[in-house]
Protein chains: 2
Amino acid sequence: MDTVATSLQGGTSSSAGHIDVTGGDHVAVRCRAVNDILARVGDKWSMQVVMTLADGPVRFNELRRAIDGISQRMLTRTLRALERDGLVSRAVTPSVPPRVDYSLTDLGRSLREPVLALGSWAMANRETIEAARAEFDRRPV
Amino acid sequence: MDTVATSLQGGTSSSAGHIDVTGGDHVAVRCRAVNDILARVGDKWSMQVVMTLADGPVRFNELRRAIDGISQRMLTRTLRALERDGLVSRAVTPSVPPRVDYSLTDLGRSLREPVLALGSWAMANRETIEAARAEFDRRPV
DNA sequence: CGGTATCCTTGTGGATACTG
DNA sequence: CAGTATCCACAAGGATACCG
């Protein structure tokens with residue numbers, strides 16, 4: 001727990017000034033790992049894709065129809081990025097026409113829980129946030 | 001819980017085709033609320049700022065020194081965005097030189113928990129993810 | 001000290017056309 | 001069907017300079 005908090009605070013704990021022999025600032029490395037996931041989770045389509053894959057394998061164009069507004073290009077890119085991180089797996093059935101099914105890996109499934117928690121927070125507080133924004137935007141210039 | 005999952009899946013539940021009289025697709029509204037928070041959490045500096053403010057009020061330049069690599073411009077922008085969403089509050093002490101303290105609101109503090117959970121997931125799985133990436137990048141062209 | 005203003009580079013995402 | 005390739009618009013973020 002503490003390691004996570006520390007990792008999100010930059011390199012303050014290295015203020016003692018000792019040399020890190022491990023070949024890089026491990027605090028920075030941790031920090032990057034966390035921010036990496038936050039960035040992936042925060043991009044426009046990743047989590048929509050993950051949630052759509054929750055109930056089992058889905059084909060490319062099914063996915064495309066299920067996720068409103070996504071372009072073919074972005075769906076491909078998002079799936080590749082998720083696949084690269086080991087969150088999604090791609091199964092090709094070499095037929096005519098070709099069939100490609102995407103599904104969550106165990107890792108991908110395990111990500112759903114913390115993301116859902118964040119989603120719950122967002123839903124629970126969205127009215128409060130909307131109000132705060134309205135208030136802020138209404139304030140004197 | 002189910003509402004969150006639904007909100008992350010686009011407008012599939014409106015497939016019944018009935019008219020939404022509330023002045024907009026509420027599913028889409030929920031979806032935007034969640035994605036909004038994911039985007040804020042996922043941007044480059046927001047969570048570093050929130051975590052740095054965890055232990056109490058911090059002044060602008062203290063914040064700047066604590067968060068390695070952040071530019072003055074981005075710190076200002078990030079703080080304004082967080083303030084607008086009601087996550088951070090800004091307290092000005094009109095003295096010479098001026099003093100401005102930033103601190104988390106109750107809402108901001110409550111956000112730390114789900115974000116930390118996601119951070120823990122990231123830390124717990126970073127080796128797995130790194131390995132998946134290395135594997136993916138090594139695959140045949 | 002705590003900002004704005006300005007310019008610039010890069011990355012993200014959309015539209016369209018083409019392909020095995 | 002499941003993609004690539006190409007081009008383009010815009011937003012995020014960094015560098016620098018100036019200001020109350």
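For the numbers below, each heavy atom of this structure counts, side chains included, while hydrogens, waters and symmetry mates do not. In this text the structure is predicted, and so the values were computed from the model without any measurement. Chain A is the first sequence line, chain B the second, and so forth, proteins listed ahead of strands; every chain is numbered from 1.
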- Among dG13(D), dT12(C), dG3(C), the nucleotide that comes nearest once only the side chain of R77(A) is considered: dT12(C)
- Note on the structure: Taking dG14(D), dG3(D), dC1(C) as options, the one with an atom nearest any side-chain atom of S71(B) is dG14(D)
- Task: Starting at atom CG of D43(A), determine the distance to atom C1' of dA12(D), rounded to an integer number of angstrom.
- Result: 14 Å
- Residue whose nearest DNA chain D nucleotide is more 5′ - R64(B) or T78(B): T78(B)
- Value in whole Å for how far the P atom of dG3(D) lies from CZ of R59(A): 10 Å
- Message: Side-chain N or O of Y102(A) versus OP1/OP2 of dG3(D): is the shortest distance under 4.0 Å?
- Response: yes
- Side chain of R80(B): nearest nucleotide among dG14(C), dT4(C), dG14(D)? dT4(C)
- Item | d(CZ, F60(A); P, dG3(D)) in whole Å | 5 Å
- Starting at the 5' end of DNA chain C and moving along, which residue's nearest nucleotide shows up first, Q72(A) or W45(A)? W45(A)
- Message: What's the separation between atom CG in L111(A) and atom CE in M51(A), rounded to the nearest 0.5 Å?
- Response: 7.0 Å
- Item | Spacing of R112(B) atom CZ and W121(A) atom CH2 [to the nearest 0.5 Å] | 13.0 Å
- Query: Is there a donor-acceptor pair under 3.5 Å between the side chain of T78(A) and the backbone N or O of W45(A)?
  - Reply: no
- In whole angstroms, the gap separating P of dA11(D) from CZ of R40(B) amounts to 15 Å
- Message: Side chain of T76(A), heavy atoms from C-beta onward: which of dT4(C), dG2(C), dT4(D) has the nearest atom to it?
- Response: dT4(D)
- Query: P98(B) has a side chain; which of dG20(C), dA15(D), dG20(D) sits nearest to it?
  - Reply: dG20(D)
- Query: If you check the N61(A) side chain, which of dT6(D), dA2(D), dT4(C) turns out closest?
  - Reply: dA2(D)
- Task: Return the value, rounded to whole Å, for the distance between atom CG of L79(B) and atom C1' of dC1(C).
- Result: 14 Å
- Message: Could you tell me how far apart I70(B) (CD1) and dG2(C) (P) are, to the nearest whole angstrom?
- Response: 14 Å
- Message: Rounding to an integer number of Å, can you tell me how far N35(A) CG sits from dG13(D) C1'?
- Response: 14 Å
- Options dG13(D), dA2(D), dG2(C), nucleotide nearest the side-chain atoms of K44(B): dG13(D)
- Rounded to the nearest Å, what distance is computed from the CG atom of residue L75(B) to the C1' atom of nucleotide dG14(D)? 14 Å
- Query: In Å, rounded to the nearest 0.5 Å, how long is the span from OH of Y102(A) to CD of E83(A)?
  - Reply: 6.5 Å
- Item | R133(B) (side chain) donor-acceptor with R84(A) (main chain) under 3.5 angstrom | no
- Task: Ignoring backbone atoms, test whether R90(B) places a side-chain nitrogen or oxygen under 4.0 Å from the OP1 or OP2 oxygen of dG3(C).
- Result: yes
- Note on the structure: Residue pair R73(B)/R99(B) against DNA chain C: nearer the 5' end by closest nucleotide is R99(B)
